[in-house]
Chemist: 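Mind having a look at this structure? Questions to follow.
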Amino acid sequence: EVQLVESGGGLVQAGGSLRLSCAASGFPFGNYAIAWFRQAPGKEREGLSCISNSNGAAYYADSVKGRFTISSDSAKNTVYLQMDSLKPEDTADYYCAAADSDSYYFLLLAPAYDYWGQGTQVTVSS
């Protein structure tokens, strides 16, 4: 059974940091790319960052470049999203997702991703 389980969300003040984790199981981790998306109330789902577990390439959306860092631990089948300098507009539900490394995963578009987690909530207070 494929599972992606996010953790690490919570409430933080503006300027603070959080680290999200995405624990993956049930598929060949090394053959997949893992991405982080978010969705705020009334807004479309937004791709933030992704990392290929086959070659380590990482990509970021302009909205988070320089503030968020994605990393992968293949020994733990876990991908992390370190979020620094958080802003109130970062408030959203955050999801991790997995796509085959041969796909257009790097475009950070939701249809390229086969598996999704249930999400974790991040709230940034001003």
Side-chain angles (χ1 to χ4, degrees):
E1 179 189 6
V2 172
Q3 280 195 316
L4 292 169
V5 180
E6 302 96 335
S7 61
L11 173 64
V12 64
Q13 288 189 330
S17 298
L18 282 175
R19 189 177 79 155
L20 305 183
S21 300
C22 173
S25 61
F27 61 92
F29 188 76
N31 293 345
Y32 276 73
I34 304 292
W36 286 95
F37 290 76
R38 69 185 177 191
Q39 188 164 19
K43 295 189 176 181
E44 292 188 356
R45 190 165 293 193
E46 176 189 12
L48 305 176
S49 180
C50 60
I51 186 166
S52 168
N53 289 312
S54 63
N55 63 19
Y59 303 85
Y60 297 90
D62 288 343
S63 59
V64 303
K65 198 173 295 182
R67 298 191 300 126
F68 292 8
T69 304
I70 195 168
S71 61
S72 180
D73 185 340
S74 59
K76 297 181 178 180
N77 280 13
T78 299
V79 169
Y80 304 95
L81 186 68
Q82 177 67 40
M83 306 187 296
D84 299 319
S85 302
L86 284 163
K87 306 173 183 180
E89 50 263 44
D90 292 319
T91 295
D93 292 324
Y94 283 69
Y95 302 87
C96 64
D100 191 290
S101 290
D102 290 335
S103 72
Y104 289 101
Y105 70 90
F106 50 89
L107 295 179
L108 285 170
L109 298 175
Y113 288 80
D114 303 312
Y115 308 121
W116 291 82
Q118 293 300 306
T120 186
Q121 189 173 54
V122 172
T123 302
V124 184
S125 63
S126 57

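Computed over heavy atoms, backbone and side chain alike; hydrogens, waters and symmetry mates excluded. Everything numeric here is computed off the predicted structure, so don't read it as measured data.
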Chemist: Tell me the closest heavy-atom pair linking V79 and S72, and the distance in Å.
Modeler: CG2-OG, 3.8 Å
Chemist: Could you list the residues that satisfy disulfide bond (SG atoms under 2.5 Å apart) with C50, not counting sequence neighbours?
Modeler: none
Chemist: Using the test side chain to side chain donor-acceptor pair (under 3.5 Å), find all partners of S52 that sit at least two apart in sequence or belong to another chain.
Modeler: S54, N55
Chemist: How would you list all residue pairs meeting disulfide bond (SG atoms under 2.5 Å apart) that involve residues 59-114, not counting sequence neighbours?
Modeler: C22-C96
Chemist: So does V124 get a backbone contact from the side chain of T91, meaning a donor-acceptor N/O pair under 3.5 Å?
Modeler: yes
Chemist: With rounding to the nearest 0.5 Å, note down the distance linking CG in L48 to CG in D62.
Modeler: 11.5 Å
Chemist: Tell me if a side-chain donor or acceptor on Y105 pairs with a main-chain N or O of Y113 at a distance below 3.5 Å.
Modeler: no
Chemist: Taking all atoms of both residues into account, what is the closest heavy-atom pair of T78 and S21, and its distance?
Modeler: CG2-CB, 4.2 Å
Chemist: Between V122 and L20, does a side-chain contact (heavy atoms from CB on, under 4.5 Å) hold up when you go through it step by step?
Modeler: CA-CA 9 Å; V122 172; L20 305 183; 4.1 Å; yes
Chemist: Could you tell me the separation between the CG atom of D93 and the CD atom of E6, rounded to the nearest 0.5 Å?
Modeler: 9.5 Å
Chemist: Could you tell me which residues satisfy side chain to side chain contact (heavy atoms under 4.5 Å, CB included) with Y104, sequence neighbours excluded, listed by chain and number?
Modeler: F106, L107
Chemist: Roughly how far, to the nearest 0.5 Å, is CG of L108 from OH of Y60?
Modeler: 11.0 Å
Chemist: Donor-acceptor pairs under 3.5 angstrom involving side-chain atoms of residues 7-17: please list them, not counting sequence neighbours.
Modeler:
{"unit_1": "S17", "atom_1": "OG", "unit_2": "D84", "atom_2": "OD1", "d": "2.7"}

Chemist: Got a sec: does the CD of Q82 have more than 12 other heavy atoms crowding it under 6.0 Å?
Modeler: yes
Chemist: Look up atom OG in S49 and atom CE in M83, then write down how far apart they are to the nearest 0.5 Å.
Modeler: 11.5 Å
Chemist: Examine L18 and F68 and state if one hydrophobic cluster contains both, with Ile, Leu, Val, Met, Phe, Trp and Tyr joined whenever side-chain heavy atoms are less than 4.5 Å apart.
Modeler: yes
Chemist: Are Y95 and L81 joined in one hydrophobic group, where the rule is that I, L, V, M, F, W and Y side chains link up if heavy atoms are under 4.5 Å apart?
Modeler: no
Chemist: Compile the donor-acceptor pairs under 3.5 Å between side chains in residues 28-40 and protein atoms, sequence neighbours left out, one pair per line.
Modeler:
{"unit_1": "R38", "atom_1": "NE", "unit_2": "E46", "atom_2": "OE1", "d": "2.9"}
{"unit_1": "R38", "atom_1": "NH1", "unit_2": "D90", "atom_2": "OD1", "d": "2.8"}
{"unit_1": "R38", "atom_1": "NH1", "unit_2": "Y94", "atom_2": "OH", "d": "3.0"}
{"unit_1": "R38", "atom_1": "NH2", "unit_2": "E46", "atom_2": "OE1", "d": "3.3"}
{"unit_1": "Q39", "atom_1": "OE1", "unit_2": "R45", "atom_2": "NE", "d": "3.4"}
{"unit_1": "Q39", "atom_1": "OE1", "unit_2": "R45", "atom_2": "NH2", "d": "3.4"}
{"unit_1": "Q39", "atom_1": "NE2", "unit_2": "K43", "atom_2": "O", "d": "3.1"}

Chemist: Between L4 and A24, which heavy-atom pair has the shortest distance, and what is it?
Modeler: CD2-CB, 3.5 Å
